[in-house]
Asks: 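Structure provided below as structure tokens; questions to follow.
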Amino acid sequence: MAAGVWFRKCLRLHDNEPLVKAVASGLDVVPFFILDPHFDKSRVGVNRFNFLLQSLKDLDGQLRGRGSRLLVFRGQPEQVLVELFGGKAPVHLSAIFWEADTEPYARARDERVLAMAKEGGVHAEKLSGHTLLDIDATVAKPGFKPPISMKSIQTIVNAVGPFRQPFDVPKIPPLKIEGHHVPDISELYDEEPSSEGFPGGETEALARLQRTCSDVQYVCCFEKPKTASTGRPGSPWEPSTTGLSPYLKFGCLSVRTAWYAIDRCIRGKSHSQPPQSLHGQLLFREMFYLLGAAVPNFDRNEGNSMCKAIPWGCDENLLAAWEAGKTGYPFIDALMRQLKQTGFMHHLGRHAVACFLTRGDLWQNWTAGRDVFDRLLLDADWAVNNGNWLWLAGVAPFSAPYFRIYDPCPGPKSSLNADQTGEFVKHYVPELRNMPAKYLYKPWTAPVTEQKKAGCIIGEDYPKPIVDHQRAREENLAKFKAALDAKGAELPAKFGGAKGDPGPMRSSYTSGKGATGKGGKRADTPQTEDGDSRKVRRWGKKLGDTVAGG
Ligand SMILES: Cc1cc2nc3c(=O)[nH]c(=O)nc-3n(C[C@H](O)[C@H](O)[C@H](O)COP(=O)(O)OP(=O)(O)OC[C@H]3O[C@@H](n4cnc5c(N)ncnc54)[C@H](O)[C@@H]3O)c2cc1C
């Protein structure tokens, strides 16, 4: 008889409570992973699957270094587990431990497994660990209100007190079983994964955290709205932010380990504050996990209290051009091609492409963009992805004002912080490699002689703009406003339309940091990137910088 540690996320040895508990049971310990056919090519892009397999190989290697190993089974989890519980597989489990997962698919699966374990007399325990807060316990507390601002998430966190410290790696008993190896990506996908950027696994996660925290000044001064959307000079694929999200998504890195590493950097020093700081970013993650667990239909337009009804269009050609990076807007196209090629995109890049797809230019449903991100992102995360798409579509109480539309051709004063050398665009849109930098974000404005010299005729070698931004923007603003007016929609709280919590923008404003945006824009008069200065004051209260974090 043995205790199984069912790895799903939490692909690490450090701060792994299910592993600690399994070892403490005194039974033999069987670490295993199930490759579930639910997560097939239609749901998971090659880069994320490769990241997963690399993470499993890293885990297996670390366990082998301790005389144990990882067993990988393939099949529908309930079918695999019924065999492990019944002793038909290479092991016979009398106990099983796993980390709780609050995504809807995982919840339903785990409920079924808990029932099976109960019926089979197997001790089963799920333990909170993927987030700083115990999400279900927090949501179940009397008086819990879904947080829609940094202030409200901070109130929840402060009431809980300090987060528990990470667990040490326990002494794992040896395991001698053959077979059930981690497959290679070539066995499962025809496509080649990207070689840029993010090797999967706990070893790389801890090394990346260590690299980040060795630059104490970077951590202390981190302000998300000031980071570049176009990567680091010389390495446009390397994020200007920490790049920890894929590791947090798969649990190669414990969020508590990250939290306390940052804490050690900033303690006793002057440092940035939430929502802009690194701790602020991790708190946004908690906020979206709580919302995902507490708000029914959080991933839908209908029946979702965090989503205003907007009559989005549905045009497959527009969506396909956006997804393929062929809109004729080089900044948008470079970002979307980066996503496809590498599985990553900077946060402000995500702002730009999400705004462009929805209320900014193409007027497509946020759920369509959400699905593309869900398939292609290395860090695709149900709660965080839905929460951020709601934010960017302008439909949630925590959204930026719907009329704050990004210019898809970002100049030096844009809050999208895009390089003006064109390095990022040239890397991901090679058709424009020889286009002079001054035309790079608007290549259709280059004289034909310049286009010929650059070897890129617009409309032949690279598309013309798919929509006229100025016209699309005006039409969309009118449609959005009409939808709100038609419904007599209450203005979101942050517009001053309700007495409650004013939203994350307000938190940013009151923090006293970044009250003046880049380029001297006052944060309380959030102009659009295109210079539209409809003042929020019209509705009463002031706002903070809208690019704080979400
Ligand atoms: C439309 C859209 C969709 C997004 N989808 C996802 C997603 O599926 N998965 C995901 O992890 N992030 C998502 N984000 C949030 C954010 O863009 C990424 O977490 C961030 O870019 C990852 O890079 P980083 O690790 O360098 O972040 P850093 O700035 O270094 O932040 C550190 C960590 O904080 C967390 N974090 C940062 N920003 C946010 C945020 N806005 N919301 C919640 N957590 C945050 C992440 O875990 C991140 O790794 C999305 C943002 C937008 C605008």
Side-chain angles (χ1 to χ4, degrees), residues 9 45 48 103 130-132 147 150 153 197-198 205 208-209 211-213 215 218-219 222-229 231-232 237-255 258-259 261-262 272 274-292 299 335-336 338-339 342-360 366-396 398-400 406 416 504 546-550:
K9 293 174 184 168
R48 186 158 83 247
E103 292 194 18
H130 191 61
T131 40
L132 293 163
M150 183 51 68
I153 183 68
F198 300 88
R208 186 175 267 271
L209 179 67
R211 283 199 297 277
T212 302
C213 291
D215 190 345
Y218 172 84
V219 175
F222 187 94
E223 288 185 56
K224 186 68 158 273
K226 293 188 178 164
T227 58
S229 56
R232 305 208 177 206
W237 57 87
E238 184 59 47
S240 57
T241 46
T242 65
L244 289 173
S245 55
Y247 303 95
L248 289 166
K249 179 245 152 55
F250 280 104
C252 302
L253 177 64
S254 150
V255 66
W259 179 272
I262 294 162
S272 54
Q276 290 96 339
S277 65
L278 274 175
H279 272 168
Q281 305 315 300
L282 295 178
L283 292 177
F284 274 124
R285 184 172 179 267
E286 299 297 306
M287 175 172 127
F288 290 126
Y289 266 86
L290 288 172
L291 288 173
D299 57 349
L335 290 162
M336 291 306 294
Q338 179 191 28
L339 173 64
T342 72
F344 193 81
M345 191 193 292
H346 183 272
H347 182 62
L348 293 175
R350 300 182 199 201
H351 271 238
V353 301
C355 180
F356 187 86
L357 180 72
T358 56
R359 66 197 155 88
W366 62 273
T367 55
R370 182 272 319 273
D371 289 345
V372 172
F373 271 33
D374 188 51
R375 192 169 70 253
L376 297 179
L377 277 174
L378 294 177
D379 62 29
D381 178 302
W382 186 85
V384 178
N385 199 24
N386 278 299
N388 276 284
W389 272 96
L390 286 162
W391 184 315
L392 263 298
V395 294
F398 45 83
S399 289
Y406 290 109
L416 292 170
T546 51
V547 197

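Counting convention: from 1, in listed order, for ligands and their atoms alike.
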Asks: Output the list of atoms in ligand 1 that are nearer than 4.0 Å to some heavy atom of Phe222, sorted by atom number.
Replies: 29 (O)
Asks: Flag His347 as yes when one of its N or O atoms lies below 3.5 Å from any N or O atom of ligand 1, and as no otherwise.
Replies: yes
Asks: Report, one line per pair, each donor and acceptor closer than 3.5 Å where one atom sits in a side chain of residues 368-377; sequence neighbours left out.
Replies:
from: Arg370; atom 1: NH1; to: Asp299; atom 2: O; distance (Å): 3.0
from: Arg370; atom 1: NH1; to: Asn386; atom 2: OD1; distance (Å): 2.6
from: Arg375; atom 1: NH2; to: Glu323; atom 2: OE2; distance (Å): 2.5

Asks: Within the 4.5 Å heavy-atom criterion, are Thr241 and His347 side-chain neighbours or not?
Replies: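 With C-beta onward as the side chain, the pair stays apart.
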Asks: Judging by distance only, is a nitrogen or oxygen of Trp389 under 3.5 angstrom from one on ligand 1?
Replies: no
Asks: Minimum distance, heavy atoms only, to atom 37 (C) of ligand 1: which one of Lys224, His346, Arg285 is it?
Replies: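 When every heavy atom of Lys224, His346, Arg285 is considered, Lys224 comes closest to atom 37 (C) of ligand 1.
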Asks: Provide the number and element of each atom of ligand 1 under 4.0 Å from a heavy atom of Leu248.
Replies: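 Contacts of ligand 1 toward Leu248, numbered from 1: 47 (O), 49 (O).
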Asks: Where does Phe373 meet ligand 1, judged by heavy-atom distances below 4.0 Å: at the side chain, the backbone, both, or neither?
Replies: side chain
Asks: With heavy atoms only and a cut-off of under 4.0 Å, state how Thr227 meets ligand 1: side chain, backbone, both or neither.
Replies: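 For Thr227, there is no contact with ligand 1 at all, from either part.
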Asks: Aromatic ring centroids of Phe284 and Phe398 under 6.0 Å?
Replies: no
Asks: Does Leu244 reach ligand 1 with a nitrogen or oxygen that is under 3.5 Å from one of the ligand's nitrogen or oxygen atoms?
Replies: yes
Asks: Are any non-hydrogen side-chain atoms of Arg208 and Thr242 less than 4.5 angstrom apart?
Replies: no
Asks: Should one rank Ser245, Ala380, Cys355 by closest heavy-atom distance to atom 48 (C) of ligand 1, which comes out on top?
Replies: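 The nearest heavy atom belongs to Ser245.
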Asks: Step by step, would you call Arg350 with Asp379 a salt bridge (charged side-chain N to carboxylate O under 4.0 Å, His left out)?
Replies: CA-CA 13 Å; Arg350 300 182 199 201; Asp379 62 29; 2.8 Å; yes
Asks: Using a 4.0 Å cut-off to any heavy atom of Leu282, which atoms of ligand 1 qualify?
Replies: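 Those atoms are 33 (C), 34 (O).
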Asks: Which atoms from ligand 1 have a heavy atom of Phe344 less than 4.0 Å away?
Replies: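 So the atoms of ligand 1 that pass are 23 (O).
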Asks: Should you measure from each heavy atom of Leu392, which atoms of ligand 1 turn up under 4.0 Å away?
Replies: 53 (C)
Asks: So, do Leu248 and Leu282 sit near enough that their side-chain heavy atoms are less than 4.5 Å apart?
Replies: yes
Asks: The criterion is side-chain contact (heavy atoms from CB on, under 4.5 Å); which residues satisfy it with Ala383, sequence neighbours excluded?
Replies: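 side-chain contact (heavy atoms from CB on, under 4.5 Å) list for Ala383, sorted by chain: Tyr289, Asp381.
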Asks: Are His346 and Thr227 close enough that a side-chain donor and a side-chain acceptor fall under 3.5 Å?
Replies: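 A donor-acceptor contact under 3.5 Å links the two side chains.
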Asks: Should one rank Glu286, Gln281, Gln276 by closest heavy-atom distance to atom 34 (O) of ligand 1, which comes out on top?
Replies: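 Nearest heavy atom to atom 34 (O) of ligand 1 lies in Gln281.
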Asks: Taking only heavy atoms of Thr242, which atoms of ligand 1 are found under 4.0 Å from at least one of them?
Replies: 24 (P), 25 (O), 26 (O), 28 (P), 30 (O), 32 (C)
Asks: Here's a test for you: under side chain to side chain contact (heavy atoms under 4.5 Å, CB included), which of Leu132, Val219, Ile262 qualifies with His279?
Replies: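 Going through Leu132, Val219, Ile262 one by one, the side chain to side chain contact (heavy atoms under 4.5 Å, CB included) with His279 is satisfied by Ile262 alone.
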